[in-house]
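To find a chain, count down the sequence lines: A is the first, B the second, and so on, and within it residues start at 1. All of these numbers come straight from a predicted model, not from anything done at the bench.
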Amino acid sequence: MNVLEQTEDTLKQEIADAVVKANLATKEQLPDIVLEKPKDKAHGDFAANIAMQLARIAKKAPRQIADDIIENLDQTKASIEKIEVAGPGFINFFMKNDFLGDIIPTILDADTAYGKTDTGKGEKVQVEFVSVNPTGDLHLGHARGAAYGDVLCNVLDAAGYDVQREYYINDAGNQIDKLAYSVEARYLQELGQDVEMPEDGYHGQAIVDIAKKIVAEDGDQWVNKDKEERVAYFKEFGLQSSLENIKNDLKAFRVEFDNWFSERSLYQDEKISDALKKLEEGNYIYEKDDATWFKSTEYGDDKDRVLVKSDGSYTYLTPDIAYHKDKLERGFDQIINVWGADHHGYVPRMRAAIQALGYPSEKFHVKIIQMVNLFEGGEKVRMSKRTGRAVALRDLIEDVGVDAARYFFVTRSNDSQLDFDMDLARSESNENPIYYVQYAHARICTMLEQAKSKEFQTDEAFDASLLTAEKEVDLLKKLAEFPQVVAEAAEKHLPHKVTQYVFDLASLLHSFYNAEKVLDQDNLERTNARIALMKAVRTALANGLTLIGVSVPEKM
RNA sequence: GUCCCAGUAGCUCAGCUGGAUAGAGCAACAGACUUCUAAUCUGUAGGUCGGGAGUUCGAAUCUCUCCUGGGACGCCA
């Protein structure tokens, strides 16, 4: 429990007591006490709207109620400096802020652990993300999902959840057959044969590279082999090569998974037939037009879905149902799926399946990642996986760097489309927000270096009461918020809150830096306190940037 | 036609569980380096929160409806 939460809790309790004491409402009638942090400093450190909420229950004017509450409030207990009633009946609390003195030691003591909480109480959460078909390169859209998923996991982990990162490998469907035929065509083309690509094949450069690799290793020895044998080999080779590419790209993007789950294993372990059996037992299955259908409409889907096609093969949905059943059987409290916007129509049928299997749908979360539009030179760059002109993740990293790419992807909410400005991400200038934050960190490091070389005392002991300048208090308050920001980002699955926070903190730091001098020969006591403050800010910035997966430079 | 997401400053976007005078960055304009890093700071200007109705003490936020943009509506994956 951090200092800020403690202060809030005490205050809430005091308010609740005061309401009861003033006979405004009974304990049972009492609504949840809500404290908000006003945007405007003139409205205090906390504001309560309880008087307005009680207007109906107490049958009094809100401002009158507010006065009654204040009268019955024990101000010393909650360490309140001043209380005002404002506007329609807000009660504004100005705190003594003596808790701010504790914040720096708390941060320096926690160090890299500052920001961590036990909000998640060790709840088991699994996040499945990226899960791109192993049939080509990762491109821009996947990159956004990768960044979102990875930062979400970092944030969940920091908030005390037990997180597992998983990648679902689609290595069994007919897209893998298409992959095999595509590789075959490219292979033969590589050897000068006039072969056409399959109509629905994969036209990306990645396939050409795989074919080249086969030629380099085996020459033309597959040309005269039996077609079936050849395709079977190309399938495995293509699959492994693609997976290797994907893993390398993700690693370069600083994304690593705990578990790679193979779709094939569902077949091997008879998980699919198990799932079908379970659905059948629940009477959610019927036969029509030589196919097997799932009554997903019973749980709100638009139409029923085919599970077994008339040719006897499964649709994509079938193994995926078995996969989700398996996930839930592994005992997760939450399973979070990160999907692209083009898959959103798939959500209701999956949710239906989970309910039909008897699992609570509250455990199942889908985060939809909206599309990324790439802009360069003020113009929209078209992307298409089919034509192979997609902007690959690899190229993006090479072009703008991992830091900028990751930062940009988690700056915006996942359900807003993202305009990715290549020129901006590339630019090493003040236009680029990533440098703004990193620069704040580097600036502090420089100051601390100077402090050392100029032999300022940098004791453990310092007098926090010397930090009273407006910008210092702003920094302290912001620092105190960090654990809550991380916890909120985790609970609501909104990693961009952390990006926002880190930017705001950097902004306060820069502002402070320009207004006040840290290293001051004429005021060594205050210098010592400010050095401690700078260390605390550096820690919070570093921890925030680390959660985003961005590097933390000491010099720029 | 049905469903999902978005519509907030010139541009890109935040805006929590409904709260007070709707915020930030960029762009524009005016300033600040003999000083710990100017990749910075300070200030000014910029808004019918897509339109309309409703819910209530109070709506950018909730409900309904319409408009615009994007996406999805397969025995594809």
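Put simply, the side chain of A/Asp171 gets close to the backbone of A/Arg264: a donor and an acceptor are under 3.5 Å apart. One N or O on the side chain of A/Arg63 and one on the backbone of A/Gly87 form a donor-acceptor pair closer than 3.5 Å. The closest donor-acceptor contact from the side chain of A/Thr499 to the backbone of A/Val410 lies under 3.5 Å.
The NZ atom of A/Lys497 sits 17 Å away from the P atom of B/rC13 (whole-angstrom rounding). Atom P of nucleotide B/rG25 and atom OH of A/Tyr407 are separated by 12 Å, given to the nearest angstrom. A/Asn432 places its CG atom 13 Å from the C1' atom of B/rU12, with the value rounded to the nearest Å. Between the CG atom of A/Leu494 and the P atom of B/rU61 there is a distance of 19 Å, rounded to whole Å. To the nearest angstrom, P of B/rU37 lies 14 Å from CZ of A/Phe512. For A/Ile434 and B/rC26, the CD1 to P distance is 15 Å, given to the nearest whole Å. Distance, A/Met447 CE to B/rU35 P: 16 Å, rounded to whole Å.
Counting only heavy atoms from C-beta on, A/Arg412 has its side chain closest to B/rU12 among B/rG19, B/rU12, B/rU37. Of the candidate nucleotides B/rC5, B/rC16, B/rA20, B/rC5 has the atom nearest to the side chain of A/Asp415. Among the nucleotides B/rU17, B/rU37, B/rC41, the one closest to any side-chain atom of A/Lys492 is B/rU17. Distance from the side chain of A/Met556 is smallest for B/rA39 among the nucleotides B/rC13, B/rA39, B/rC36. With distances taken from any side-chain atom of A/Asp419 to the nucleotides B/rU17, B/rC13, B/rA20, the minimum falls on B/rC13. Each of B/rA20, B/rU17, B/rU42 was ranked by its minimum atom distance to the side chain of A/Ala47; first place goes to B/rA20. Side-chain proximity of A/Thr446 to B/rU37, B/rA24, B/rU40: nearest is B/rU37.
B/rU61 and B/rA14 are spaced 13 Å apart, taking the C1' atom of each and rounding to whole Å. B/rG47 sits 14 Å from B/rG7 when the C1' atoms are compared, rounded to a whole Å. Across the C1' atoms, B/rG43 and B/rU8 are found 24 Å apart, a figure rounded to whole Å. Rounded to the nearest Å, the gap between the C1' atom of B/rA53 and that of B/rG15 is 25 Å. Nucleotides B/rU44 and B/rU63 are separated by 41 Å at their C1' atoms, to the nearest Å. Nucleotides B/rG18 and B/rC62 place their C1' atoms 7 Å apart, quoted to the nearest Å. Taking atom P on both nucleotides, B/rU40 is separated from B/rG25 by 11 Å, rounded to a whole Å. Taking atom P on both nucleotides, B/rA77 is separated from B/rG71 by 23 Å, rounded to a whole Å.
Qualifying side-chain hydrogen bond (donor to acceptor under 3.5 Å, both in side chains) partners for A/Lys235, counting only residues two or more places apart in sequence or in other chains: A/Asp177.
Remark: B/rU40 base-pairs with B/rA32; criterion is Watson-Crick or G-U wobble with both hydrogen-bond distances under 3.5 Å. Shown here, B/rU55 forms no base pair; nothing in the strands shown gives a Watson-Crick or G-U wobble contact with both key distances under 3.5 Å. Pairing for B/rA14 is absent, judged as Watson-Crick or G-U wobble with the two contacts each under 3.5 Å. Summarising the base pairing, B/rU21 is matched to no nucleotide, lacking a Watson-Crick or G-U wobble pair whose two defining distances lie under 3.5 Å. If you check B/rA60 for Watson-Crick or wobble pairing at under 3.5 angstrom, you find it has no partner at all. As the counterpart of B/rC73, B/rG1 is assigned, both hydrogen-bonding distances of the Watson-Crick or G-U wobble pattern falling under 3.5 Å.
At the heavy-atom level, A/Ser413 lies under 4.0 Å from the strands shown only through sugar-phosphate atoms. Using a 4.0 Å heavy-atom cutoff across all strands shown, A/Gln450 reaches sugar-phosphate atoms only and no base atom. Within 4.0 Å (heavy atoms only), A/Ala440 reaches no atom of the nucleic acid at all. Residue contacts shown for A/Asn92 include a base, since a base heavy atom lies under 4.0 Å away.
In this structure, A/Tyr284 and A/Phe294 have perpendicular ring planes: the angle between them is above 60°, well past the 30° mark.
Base orientation of B/rC33: syn, the glycosidic angle falling within 90° of 0.
Residue A/Gln500 places no side-chain N or O under 4.0 Å from the OP1 or OP2 atom of B/rG25. For B/rC16, neither phosphate oxygen OP1 nor OP2 lies less than 4.0 angstrom from any side-chain nitrogen or oxygen of A/Lys37. An OP1 or OP2 oxygen of B/rC5 is reached within less than 4.0 angstrom by no side-chain nitrogen or oxygen of A/Ser416. Checking the phosphate oxygens (OP1, OP2) of B/rA32, no side-chain nitrogen or oxygen of A/His510 falls inside 4.0 Å. Of the side-chain N and O atoms in A/Tyr436, none sit less than 4.0 angstrom from OP1 or OP2 of B/rC26.
Stacking between A/Phe90 and B/rA20 is shown: the ring centroid lies under 5.5 Å from the centre of the six-membered base ring, and the planes differ by under 30°.
For the pair A/Glu488 and A/Leu418, both in contact range of RNA chain B, the more 5′-proximal nearest nucleotide belongs to A/Leu418. In terms of position on RNA chain B, the residue among A/Tyr435 and A/Leu519 whose nearest nucleotide sits closer to the 5' end is A/Leu519.
Remark: A/Lys82 is positioned above the aromatic ring of A/Phe94, its terminal NZ or CZ atom under 6.0 angstrom from the ring centre and at most 45 degrees off the axis.
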**Request:** Could you please spell out the steps behind the ring pair (Phe, Tyr, Trp, His ring centres under 6.0 Å) verdict for A/Tyr148 and A/Phe409?
**Result:** CA-CA 7 Å; A/Tyr148 174 88; A/Phe409 284 134; over 10 Å; no
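One side chain, A/Asp403 or A/Gln438, offers a donor N or O that lies under 3.5 Å from an acceptor on the other.
A ring-centre distance under 6.0 Å is not found for A/His43 and A/Phe90. Aromatic rings from A/Phe261 and A/Tyr167 are positioned such that their centres are separated by 6.0 Å or more.
Between A/Lys471 and A/Glu516 there is no salt bridge, since no side-chain N of the basic residue sits under 4.0 Å from a carboxylate O of the acidic one.
With hydrogens and angles left out, the side chain of A/Asn49 and the base of B/rA20 share no donor-acceptor pair within 3.5 Å.
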**Request:** Going 5' to 3' through nucleotides 68-77 of chain B, assign each nucleotide B (protein heavy atom under 4.0 Å from a base atom), S (under 4.0 Å only from sugar-phosphate atoms) or - (no protein heavy atom that close).
**Result:** --SBSSSBSB
